[in-house]
Amino acid sequence: MELNLVEERPYRFRIEPRGDMRVPGIVFASHDLLQDAEKSLEQVANVATLPGIVEASYAMPDIHWGYGFPIGGVAATDVDDGGVVSPGGVGFDISCGVRLLAADGDRRSLGPALPDVMDGLDRAIPRGAGPGGVWHLSGPGELERILDGGSRYAVERGHGEERDLARCEDGGAVADADGAQVSGRARERGLGQVGSLGSANHFLEVQEVVEVYDEPVAAAFGLARDQVCVMIHCGSRGLGHQICTDHVRVMDRAMNRYGITVPDRQLACTPVDSPEGRAYLGAMAAAANYGRANRQLLSDAARRIFHRAARARLSLVYDVSHNLAKIETHTVDGTRRRLCVHRKGATRAFPPGHSELPEDIREFGQPVLIPGTMGTASYVLAGVPGGDAFHSTCHGAGRVMSRHQAARTVAGKELRARLERGGIAVRPRSLRGLAEETPEAYKDVGAVVAASEGAGLCRTVARLVPLGVVKG
């Protein structure tokens, strides 16, 4: 399909509907960020063909090629008008997201203890592609309670504090989880991985707040200049991957029964209210709860290390997913509609006053956590009134190199030395895995954030730089 990409205004491009596209494509980006984006822009157009899609097929500034949907893609379908749900619109790492904790000390006071902190985290944080986690479950019954209760169950068992739930999306657990839709193979994969980072781009970083752009909002979130923080980026591990695999297969077989055709089989989908759609959403919610519990348990481990090595306390700033489909109500063409909002590599960014935000920060808008790359920076943003794309924004820097290409670009040993010369302590599981995540493999996260803010999707609150990184 030949695409006609038109710049409507700075940081906003439009793909006019062609062929089977039901809506236009809207891409929030700069010209520089769209270099080499041809394949992912085709995916934006493909998503625009989904039954029931409303407004547009959206893409964030960190857009890059993904499974079916582009990573950085947002699409909403009208549940009551034949709208579909597509596992490709969530991805394999269901509820992959970011958690930020703030220490009760700054770099000056905690600096002497940081080597001990990093050594402790290196020993305490399970990571890598295989099994291993900080919580050894008693059996399938306890896994069931995690799938149903997420962070709430972890806190109930003593792995956190009640305030954590107030500062977590959905209060720590997605409603309507249905463990009966999670296959035996998915359970088997998830049973031994609760409380682990995994591999690839997942990490735990010790960071410093080096810039505050909006002091009242930062203070409300619990952040201040020079403060030490911990950022955790991970998801639902093998359990979520298996759920996506299982339900893509089911939907691929079922589409003919609903008269659905898609331009790419990776967009397999069924109506939200179909048995297959409800089964996927129930399983997806269970995986999301697993992901929330995963980050909760890693937070608990980090708190123990900080207390032991530095006598410091960590408080949760916020926890939010960037791979999820949620039933939300939004105004479309002047009418309130019940929508299935797919966010894949995109973060919800609810505006000030939104009822789903914690009361103590509601007037400031939702915290949005944007992980950068080793050696660069991460950002804290906030949702804004009138935010576009169903109140969504970017989720990170966005890859520009495959992992294989990245590993050919730099040796892990060389990268580690370079980062440590820059004052960043590095604790990798493997040097090959470290090389795959070299900063050069990603877009400029500062440019991504600037484009997101320039497009009116969010506003910048603070910038953080890494002091130490734990990688799979």
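The figures that follow rest on heavy atoms only: side chains count, while hydrogens, waters and symmetry mates do not.
- For Arg145 and Glu142, the salt-bridge test fails: no basic side-chain N is under 4.0 Å from an acidic carboxylate O.
- Electrostatic pairing of Glu205 and Lys471 does not count as a salt bridge here, judged by no charged N lying under 4.0 Å from a carboxylate O.
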Show me the donor-acceptor pairs, under 3.5 Å and distance only, between side chains in residues 80-89 and residues at least two apart or in other chains.
unit_1: Asp80; atom_1: OD1; unit_2: Arg338; atom_2: NH2; d: 2.8
unit_1: Ser86; atom_1: OG; unit_2: Gly88; atom_2: N; d: 3.4
unit_1: Ser86; atom_1: OG; unit_2: Ala268; atom_2: O; d: 3.1

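- Under the 4.0 Å criterion applied to side-chain N and carboxylate O atoms, Arg418 and Glu414 are not assigned as salt-bridge partners.
- The ring-ring contact (aromatic ring centres under 6.0 Å, His included) analysis of residues 253-292, with sequence neighbours excluded, yields the pairs His247-Tyr280.
- The aromatic rings of His233 and Phe203 sit perpendicular, their planes meeting at an angle over 60°, well past the 30° parallel limit.
- Relative to the six-membered ring of Tyr318, Arg167 misses at least one condition, a distance below 6.0 Å or an angle of at most 45° to the axis.
- Look at Glu328 and Arg348 and you find no salt bridge, because none of the NZ, NE, NH1 or NH2 atoms lies under 4.0 Å from a carboxylate O.
- Taking Asp444 as the reference, nothing meets the side chain to side chain donor-acceptor pair (under 3.5 Å) condition, with sequence neighbours excluded.
- One finds the CG atom of Asn294 at 8.5 Å from the CD atom of Gln193 (value rounded to the nearest 0.5 Å).
- Taking every heavy atom of both residues into account, Leu191 and Gly139 meet most closely at CD1-O, 3.9 Å.
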Please tabulate, one pair per line, all N/O donor-acceptor pairs under 3.5 Å involving side-chain atoms of residues 24-40, not counting sequence neighbours.
unit_1: Ser30; atom_1: OG; unit_2: Leu33; atom_2: N; d: 3.2
unit_1: His31; atom_1: NE2; unit_2: Glu7; atom_2: OE1; d: 2.8
unit_1: Ser40; atom_1: OG; unit_2: Ala37; atom_2: O; d: 2.9

Side chains of residues 367-374: which donor-acceptor partners sit under 3.5 Å, not counting sequence neighbours?
unit_1: Thr373; atom_1: OG1; unit_2: Thr376; atom_2: OG1; d: 2.6

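- Remark: Ala346 engages Met60, Val74, Arg343 in a side-chain contact (heavy atoms from CB on, under 4.5 Å) (not counting sequence neighbours).
- Paired with Asp164 under the rule side chain to side chain donor-acceptor pair (under 3.5 Å), one option of Arg295, His159, Arg152, Gln296 passes, and it is Gln296.
- Every residue two or more places apart in sequence or in another chain that forms a side-chain contact (heavy atoms from CB on, under 4.5 Å) with Pro428 is listed here: Arg416, Val426, Leu431, Leu434.
- A salt bridge links Lys326 to Asp170: at least one charged side-chain nitrogen sits closer than 4.0 Å to a carboxylate oxygen.
- With sequence neighbours left out, Ser151 forms a side chain to side chain donor-acceptor pair (under 3.5 Å) with no residue at all.
- With sequence neighbours excluded, no residue satisfies salt bridge (charged side-chain N to carboxylate O under 4.0 Å, His left out) with Arg362.
- Applying the side-chain contact (heavy atoms from CB on, under 4.5 Å) test to Asn289 and every residue at least two apart in sequence or in another chain returns Ala173, Val174, Ala177.
- The ring-ring contact (aromatic ring centres under 6.0 Å, His included) search around His395 returns His322, not counting sequence neighbours.
- Scored by the side-chain contact (heavy atoms from CB on, under 4.5 Å) test, Val23 finds Ala48, Ile53 as partners (sequence neighbours excluded).
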